[in-house]
Structure formats: structure tokens, C-alpha cells
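This report concerns only the one structure given below.
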Amino acid sequence: MPASRIPPDSERLVPPNFITEIIDADLRSGKYDEIVTRFPPEPNGFPHIGHAIASFIDCGIARDYRGRCHLRMDDTNPLTEEMRYVEAIKRDMEWLGWGWGEHFYFASDYYGRLYEMAEQLIKEGKAYVDSLSEEEIREYRGTVEKPGRPSPYRERSVEENLDLFRHMAAGEFEEGAHVLRAKIDMSAANMKLRDPILYRILKAEHYRTGDRWKVYPMYDFAHPLSDYIEGITHSLCSSEFIDNRAVYDWLVENLAGKCGLPEWPRPKQIEFGRRSLEYTVVSKRKLIQLVERGLVEGWSDPRMPTLAGLRRRGVRPQALIAFARKVGISRTDRTVDIALLEWAIRDDLNPIAPRVMAVTEPLKLVLTNYPEGELEELEAPYFPPDVGKPGSRKVPFGRELWVESADFALKPPKGWKRLVVGGHTRLRHAYVVRIDEAVTNDAGEVVELRGVYLPESLGKNPEGVKVKGAVHWVAAGPALAAEFRLYDRLFKVPLPDAGEGSFLDHYNTDSLKVLQGYVEPSVATGDPETRYQFERLGYFWRDPELGRGERPVFNRIITLKDTWKKPKEQKPAAKPARKAEPKREDKVAALEPEQRLVFDRCRHLGVGEAEALQIARSEKLRVYLEDCSGYGPPSLAAPWVVHVLGKAIRAGEVRVTPADLMELLAQLEKGVFDRRTAKQALEQAQESGGTPLELARELAAGQMTADELQKLIDEVLAENPDKVAALKGGKTGLLGFFVGQVMRRSQGRANPEQVQSVLREQFNL
RNA sequence: UGGGGCAUCGUCUAACGGCAGGACGGCGGACUCUGGAUCCGUUGGUCGUGGUUCGAAUCCACGUGCCCCAGCCA
């Protein structure tokens with residue numbers, strides 16, 4: 001049973017969404033036996049965070065349904081594609097954890113079959129060779145407002161088309177001399193349907209097929225058919241391809257069962273909303289500018305949104321998957337709060353990163369009461385109790401220490417919990433110290449701190465002293481010199497693409513800060529891959545490209561959440577205020593004279609104002625209502641015609657005849673059944689045919705008696721004592737809850753009006 | 001402006017026509033040898049106007065706003 005592939009929500013990697021609903025329905029109906037998706041990047045650049053999200057949808061959904069997700073290079077443009085990008089994509093997708101087994105494909109492997117399919121279309125008179133120039137084609141295509149017109153070459157004979165196309169493929173024409181187009185509809189409102197180009201002549205060297213081909217398929221042709229060839233069932237893509245779906249379906253329909261394609265399964269395209277990220281750009285055009293202008297150090301710069309950059313920075317794939325899960329899937333294009341990504345990264349690292357100490361902006365602290373030249377070793381656990389992992393290391397302690405400059409304040413602000421002259425502060429995992437003196441230079445800068453340590457304070461707080469806070473430190477002698485690379489957002493504004501000017505105007509010149517400091521010696525012997533938490537600073541790891549040598553270089557992966565930072569960064573109140581409502585003008589006055597007549601007649605016959613207005617404005621509605629009036633009063637029919645059947649009537653898809661409708665309403669008036677039943681029957685009749693009156697009678701036949709109803713109500717009330725209490729307490733919204741519960745329990749066999757009146761009576765509402 | 005798509009807390013996302021819920025963020029508190037983590041609390045939303053309905057985020061209409069389409073790119 002295909003339906004057995006539907007996972008329970010609790011076991012899903014991808015949270016349930018509108019796509020999984022479609023898939024569930026397809027599996028339940030037996031439309032597809034298994035789920036096959038594909039992740040189809042074009043190998044023309046490095047994968048970025050957007051690819052992570054897209055692949056999460058494609059591969060994650062396939063995984064949830066125990067299906068397959070093919071990795072396919074959508075390489076139909078020899079001008080932009082390179083093997084190094086193929087390698088990068090494979091590497092990054094593997095890193096994310098997606099496997100594709102033997103299902104790794106290239107659209108370029110299908111060139112032969114695709115060519116055959118093109119000939120098939122030509123033979124059926126569904127495609128033709130157009131010899132218009134590029135400019136002419138553009139002109140003939142029309143504009144979004146103006147329909148296109150047919151090319152003079154549109155009616156060439158099959159023989160001529162075939163001959164021309166073969167010569168195109170043989171390389172006998174110059175680029176641009178001809179193209180192959182689908183013969184669909186040059187006046188279609190959907191621009192994509194105006195005879196889309198299927199093949200163009202390109203005398204370029206393809207990175208895989210070399211000069212074997214002189215004609216190359218376009219996306220609109222290659223993509224759906226590659227899906228079809230591979231047996232893809234659900235072709236998931238982002239929303240900008242919605243218009244292309246018409247071409248997709250046209251091709252699938254016209255080639256089903258031909259050229260070795262099976263009748264079934266046929267692929268179908270489903271589009272999801274795009275996701276962008278605050279403070280980030282991902283388009284190749286823009287990223288390349290950052291690289292070429294030297295604003296970043298290449299494609300794998302840790303500030304880059306490329307997967308290579310994120311990886312080098314130290315972000316783990318688990319964090320990106322968690323992020324994608326949290327973002328979720330919907331039909332709407334969205335810009336995600338960068339805080340969500342940052343949260344996912346921290347949340348991933350928190351339980352796995354051993355805590356050690358490092359000082360990035362060193363300030364010397366001399367403990368004048370600690371013997372010169374002496375060192376002791378203190379035991380410090382790698383993890384705090386809440387993480388609950390074992391392990392510890394020795395941390396040397398001595399007379400001269402490095403502390404963080406930012407942890408000392410000459411004039412501390414209110415609420416300061418760090419080093420201050422005269423104050424007592426805990427040195428993490430070590431003693432409490434008292435600062436006695438801040439040595440300054442001529443410029444007034446603090447260059448050294450002098451103080452004393454409290455020998456009795458190891459592991460316990462000394463009596464009678466107020467200890468404020470705990471700061472990190474490293475012993476000056478044994479400390480390891482290290483470089484710290486502190487990364488920040490690449491742009492200063494959440495939407496660098498928005499507004500006037502270039503995104504480059506928003507480049508954050510402080511996005512990289514390189515500092516020289518010290519790290520505790522235990523790190524020297526640790527696994528260079530380790531992602532540490534430098535206490536109170538953030539998560540760091542050694543840069544894989546230049547930080548794994550003798551002298552360590554650490555990338556800051558992400559800061560710790562900082563709730564102290566005084567000048568809190570205020571998030572700008574987003575969402576520009578929506579334009580004030582235009583005053584509701586008198587729509588009736590705006591009616592055409594003949595519409596006005598209809599309106600007045602409707603009103604005269606007792607039709608409500610809103611309904612009359614709609615009827616007056618819609619010819620189809622008017623005609624339908626007039627037909628109804630032969631069988632009963634229009635005032636009775638109007639709400640049903642307008643609100644229940646209105647959409648179908650306007651679309652010319654009504655299946656319920658006026659006679660049937662009026663018959664139903666007549667019985668409704670007699671009280672044979674209730675409105676809800678009538679509506680259900682009508683909807684069913686419209687959906688799947690049948691006579692509404694019969695359907696309504698069937699539905700009504702199952703109606704509950706008053707006694708049954710009372711019993712059911714009592715049951716529901718008994719099961720929800722807390723809600724009953726809340727309702728009595730005045731939460732009247734719960735009335736709807738109880739009606740809903742009873743309705744659900746009765747499977748629609750109760751009369752909601754009755755339920756409500758019984759409840760109202762019972763609760764004195 | 002033709003066609004298409006979309007609109008729910010600041011952000012992301014749920015809710016067979018029946019309690020507008022969750023997460024991130026913010027704020028407050030508890031705890032803490034990390035101003036971390038954890039826990040608790042709190043804040044805050046159905047784009048607007050009408051209509052249908054016992055009951056509307058959900059259905060109907062009209063508005064408004066944003067996105068996509070006029071590549072021989074994908």
C-alpha cells in the first residue's frame with residue numbers, strides 16, 4: 001500500500017506542509033506508488049544557503065516518504081557551466097548529509113533522448129523551426145499587455161521543419177539563424193505559452209559533451225522531460241516557475257507514452273515560496289562582486305553565505321538542517337530573521353563544544369601577592385553541569401595573567417559585573433581577585449591592572465566579600481599566542497537589496513576583525529577539528545585553511561547570546577504601515593445604467609444589497625438567477641447563487657442546475673433539513689455531481705434525534721470539565737469549541753443550530 | 001497596465017467553517033563560578049471593507065499591498 005509510506009508527523013524531518021499534504025493525498029489515492037523527487041542545480045556557481053533550503057525540501061521530503069531524491073545537474077547552457085561547480089555541488093550536498101546512491105544525473109546525458117522527443121513534436125506538427133531574428137522574435141512575442149502574433153514561419157510543413165532542425169543539429173547554421181519552438185499559442189495571456197523556444201543553436205564547448213552538440217535544449221524543454229525520464233513524481237521548485245508549469249504540463253501531456261516515456265507515472269510540478277535571509281545576498285552576480293572587489297577573501301570566506309563559507313566558518317550541517325526545519329515551507333516568499341539561523345548554530349554547538357578560555361584583546365593583570373615565577377595547575381571541567389558531559393583539563397595559574405580588556409572598566413556603567421578598581425571578581429575556575437590599581441599610559445589608556453588574589457577563594461566564595469561576576473583569563477607564561485578572526489554580518493542592513501543604490505553601499509566594513517591574543521595551553525593538544533566555546537566569547541574553531549599550523553588561527557563561528565550589551569540593537573519596526581483605506585465609494589452609483597436596472601430589480605424582489613450588487617456586475621450570475629426565478633423567489637436563491645455557487649457560475653463550471661437548486665431550497669424552507677445540510681449537499685453536487693436534493697435527503701436521513709444529541713452533548717461536556725469551567729467563567733469563545741466537538745463527534749449528523757441552542761440554554765448564555 | 005502567485009504576532013509557521021497555537025526575537029523573573037545554557041512568566045497577530053453563516057483566518061465580492069512573467073538564462 002502506497003499509503004503506508006506516509007510517515008507520522010512525529011517522525012518527519014520536514015514539518016508537514018502543503019506539499020506533503022498533496023503527497024499524502026497522492027499516496028492515499030494510489031496515484032503514485034513511491035515518491036521520487038530531484039534536486040536540480042545548474043552547475044554555474046557555488047551552492048549557498050538557498051541551496052541548503054531547497055535541497056532540504058527536495059531530499060528531506062523524499063527521505064520522509066522512504067522515496068528517492070535524485071541529484072541532477074541541470075546543465076543545458078554550455079556557456080555558464082563548469083566541472084568544478086559540479087564537484088562543489090556534490091561535495092556540499094554530501095556534507096549536508098544527502099545521499100543519492102546511483103541516482104546522480106546530468107541533463108546533458110539526456111541530450112540524445114531529448115533530441116528525439118523534439119523530432120517527435122515536429123512530426124506531430126507541434127513544434128516548428130522559426131527563422132526570425134532574436135529581435136524579431138521578441139517583437140512578435142508581444143508584451144505583457146499586447147498579445148503576440150504568429151511568426152511567418154509558424155506554418156512550415158513537417159518535412160521542412162524536420163529537415164531544418166536536422167541541419168541545425170548538424171551544425172550547418174550560424175548561431176541565431178533558427179530556433180525550434182513549440183506551437184502553442186502566440187496570444188496566450190501567459191507569456192510562457194507564446195510558443196516557447198525549445199532549442200537554440202550554440203557553437204560552444206560544453207564542459208561534458210564538448211562539441212558533439214550544436215543545438216541545446218532550453219530549460220522549459222529539458223527540465224520537465226528530464227523529470228519524466230527519471231521517473232520523478234513530484235518536481236518541487238520555487239515560485240518563480242509557476243508560469244512555466246503550463247509548458248511543463250503541455251510537454252508531459254504531449255509526449256506521454258512516446259519516445260520511451262511511460263504513460264505513468266507522470267511528473268508534476270509543485271512550487272514553494274522562496275526564502276531569503278536578512279543581511280545576506282546570494283545571487284551569483286552579487287557574490288562575485290564581493291569576491292572580485294576583495295571585499296571577501298574568496299568564495300569560501302567565512303562571511304560568505306556559500307556552503308563552503310559556512311563550513312569554513314565552522315557551522316555544522318546539522319545546524320543548517322535545523323534551521324531549514326524551523327523556517328518551514330509555505331507558498332509565500334519570505335525573508336527569514338537572521339536570528340533564527342544564529343539560534344540554530346548556537347543550539348547545535350552548545351551541547352557539543354568543550355569550554356575553554358581565550359583572551360582576544362589581552363590586558364595584563366598582575367597579582368602582587370602571588371609568588372613570582374610560580375605556577376599552579378587548576379582543574380577545570382570541559383562542560384558545565386547542564387550539558388552534563390564528562391572531561392576536564394588542567395589550567396595553569398600564576399602571578400601574571402591576561403584578561404579581556406573589555407572586562408575592565410575605569411568608570412563602570414550601572415549593573416557592571418566585571419573587573420573594576422576596588423571590586424572583587426571571580427576568575428573563572430580559579431580565585432577571586434581584587435583590583436587595586438589600573439596603570440595608564442600617557443594617553444590615559446589602561447595598560448595594566450594590579451591587584452591581589454584571595455587564596456581561600458578557590459571553589460568557594462570568601463566570606464564578607466561581595467563577588468560580582470566571573471571573567472575568563474589565561475596565564476601569561478604558558479598561554480598560547482593565537483589569532484582570532486571575528487566575523488560579523490556582511491551587510492549593515494537587513495535587506496541590502498532593497499531601496500535605492502547598490503547592495504555594496506551596505507557592505508559592513510567591520511564584518512571581519514582580526515585580533516591577536518592568547519588561548520589556554522590545553523588547546524594545543526586538542527583535535528584541531530574541535531569546535532570550542534571560548535567562555536563568554538562565543539564558539540570558535542581553527543580555520544581549516546590557515547589555522548591548523550603551529551600558530552593557531554581561530555574563526556569565531558558565532559557569538560554567545562549577549563543580553564548585557566548596553567546599547568541594545570533595536571530591531572527596526574518592520575512592516576511599513578499599509579496605505580490608508582480608500583474610502584468605500586458608492587459602488588452602486590458606479591454601476592452602468594443597465595447594471596443599475598438589474599440592481600434595482602433585484603432589490604425590488606427582496607435581494608440583499610451586497611448580493612444585488614454582485615449580480616448586477618456579473619452577467620453570468622444574473623442569467624443564472626433569472627433561470628432560478630422560474631422555479632422560486634429570487635430573494636431565496638440569491639445568497640446561494642452568489643456565495644455558494646458564485647465562483648463556479650462565474651467560471652462557467654456550474655454543475656447544479658437552477659431547477660435543482662430551487663428544488664433544494666424549497667425543501668429547505670419547509671424545514672426538511674437545515675441550512676448546513678443544504679450547503680453540504682450543494683457543495684457535494686458541485687464537486688462530484690448528483691442531485692443536491694437527493695444528497696441533502698441522504699445527509700438528513702442520518703440526523704440525530706434530540707435525545708441522541710443531548711447524550712452526545714453531555715458526553716462532550718463531561719470530557720472537558722476544565723473547559724466547562726472556563727465557559728462558565730465567561731470564556732464564551734468556548735461555545736464554538738463545544739459546538740465543533742459535538743459536530744465532529746456526530747460526524748455531521750447533528751444540527752449545529754440545535755446544539756448551540758441547547759448549550760446556550762444549559763449555560764444561560 | 002495583461003496574466004499568474006501570495007497576504008496570520010517584530011520574524012518564520014500552524015489551525016476538517018468551531019479555543020487563533022508553536023518557534024525565534026523582545027521584556028521580566030528564578031537559577032548560575034559563562035551577562036551562556038536551563039526553567040518559569042510575559043508581550044504580540046488574522047491586510048481593509050462589505051456579505052454568507054448559529055459560528056469566518058478559512059467561503060463569496062470589492063479593494064489594498066508585495067512578488068513573478070515580455071532571455072535564443074535557469
Side-chain angles (χ1 to χ4, degrees), chain A residues 15-17 42 44 74 76-77 79-80 134 137-138 141-148 175-176 179 188-192 194 197 199-202 218-219 223 239-244 271 273-274 278 326-337 339-340 343 346 350 355 384 386-387 415 417-418 426-430 459 461 467 469-472 533 535-536 560-565 571-575 578-579 581-582 584 587 608-611 613-614 617 639-640 642-644 646-647 675-676 679 723 726 731 733-741 743-744 752-753 755-757:
Chain A
N17 59 77
E42 184 190 14
N44 69 345
D74 227 357
T76 53
N77 184 358
L79 271 16
T80 55
E134 201 171 338
I137 285 183
R138 189 176 313 128
R141 184 154 38 219
T143 68
V144 287
E145 289 155 76
K146 259 193 9 230
E175 286 187 10
V179 289
N190 178 353
M191 299 290 295
K192 297 286 177 200
R194 318 246 259 233
I197 293 172
Y199 268 90
R200 76 284 210 189
I201 300 170
L202 248 27
M218 298 283 290
Y219 166 86
H223 197 91
S239 55
E240 72 265 32
F241 294 103
I242 289 176
D243 291 342
N244 302 254
E271 310 86 8
R274 296 166 65 93
E278 285 180 348
K326 283 287 182 190
V327 168
I329 304 170
S330 70
R331 288 193 149 98
T332 322
D333 293 353
R334 298 289 200 183
T335 300
V336 179
D337 192 335
L340 192 62
W343 168 82
R346 287 188 191 108
N350 177 44
R355 273 65 168 172
D386 55 275
V387 174
K417 293 208 291 187
R418 311 175 192 182
R426 165 74 63 181
L427 294 181
R428 171 117 247 240
H429 300 306
N461 272 345
V467 181
V471 299
H472 57 275
Q533 184 194 103
E535 294 210 46
R536 308 209 307 129
L560 257 27
K561 188 171 149 186
D562 187 355
T563 49
W564 163 242
K565 245 189 286 177
K571 273 217 105 161
K575 204 173 243 183
R578 268 182 235 267
K579 273 232 179 84
E581 258 322 280
R584 194 162 82 93
K587 286 173 183 156
E609 188 180 4
E611 286 78 26
L613 198 56
Q614 289 193 38
R617 279 195 291 216
W640 300 84
V642 171
H643 297 292
V644 183
K647 204 176 212 175
R675 250 178 244 277
R676 176 191 167 89
K679 192 181 173 210
K723 300 227 154 119
K731 193 173 176 190
L734 284 172
L735 195 67
F737 165 76
F738 284 116
V739 176
Q741 285 299 305
M743 291 309 294
R744 189 162 308 174
E753 249 166 297
V755 177
Q756 190 148 34
S757 72

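Letters go in sequence order (proteins before strands), and every chain restarts at 1. The structure presented is a predicted model; accordingly, all values stated were derived computationally and were not measured.
- Ranking B:C12, B:A61, B:G2 by closeness to the A:E145 side chain, first place goes to B:G2.
- Contact annotation: A:R675 reaches the phosphate of B:C54 (side-chain N/O to OP1 or OP2, under 4.0 Å).
- OP1 or OP2 of B:U13 sits under 4.0 Å from a side-chain N or O of A:S330.
- Checking the phosphate oxygens (OP1, OP2) of B:U8, a side-chain nitrogen or oxygen of A:R334 falls inside 4.0 Å.
- Here B:G3 is the nucleotide among B:G2, B:G3, B:U11 with the atom lying nearest to any side-chain atom of A:D243.
- Projected onto RNA chain B by closest heavy-atom contact, A:R536 and A:N190 fall at different nucleotides, the more 5' of which corresponds to A:N190.
- B:A15 is unpaired under the Watson-Crick or G-U wobble criterion, no partner having all donor-acceptor distances under 3.5 Å.
- Relative to the side chain of A:Q614, the nucleotides B:G18, B:G50, B:C24 differ in distance, and B:G50 lies closest.
- When each of B:C72, B:G51, B:G36 is scored by its nearest atom to the side-chain atoms of A:L560, the top-ranked nucleotide is B:G36.
- Heavy-atom distances to RNA chain B give each of A:Q756 and A:G736 a nearest nucleotide, and the one nearer the 5′ end belongs to A:G736.
- Relative to the side chain of A:I137, the nucleotides B:C19, B:C72, B:U34 differ in distance, and B:C72 lies closest.
- If you check distances only, the side chain of A:R138 never reaches the base of B:G71 with a donor-acceptor pair under 3.5 Å.
- Side-chain contact annotation: A:E278 with A:T335, donor-acceptor N/O pair under 3.5 Å absent.
- Side-chain atoms of A:R334 and A:V327, non-hydrogen and from C-beta on, never get closer than 4.5 Å to each other.
- Using N1 to N3 plus N6-O4 or O6-N4 for Watson-Crick, or N1-O2 and O6-N3 for G-U wobble, each under 3.5 Å, B:U58 pairs with nothing.
- Counting only heavy atoms from C-beta on, A:I242 has its side chain closest to B:G4 among B:A74, B:G18, B:G4.
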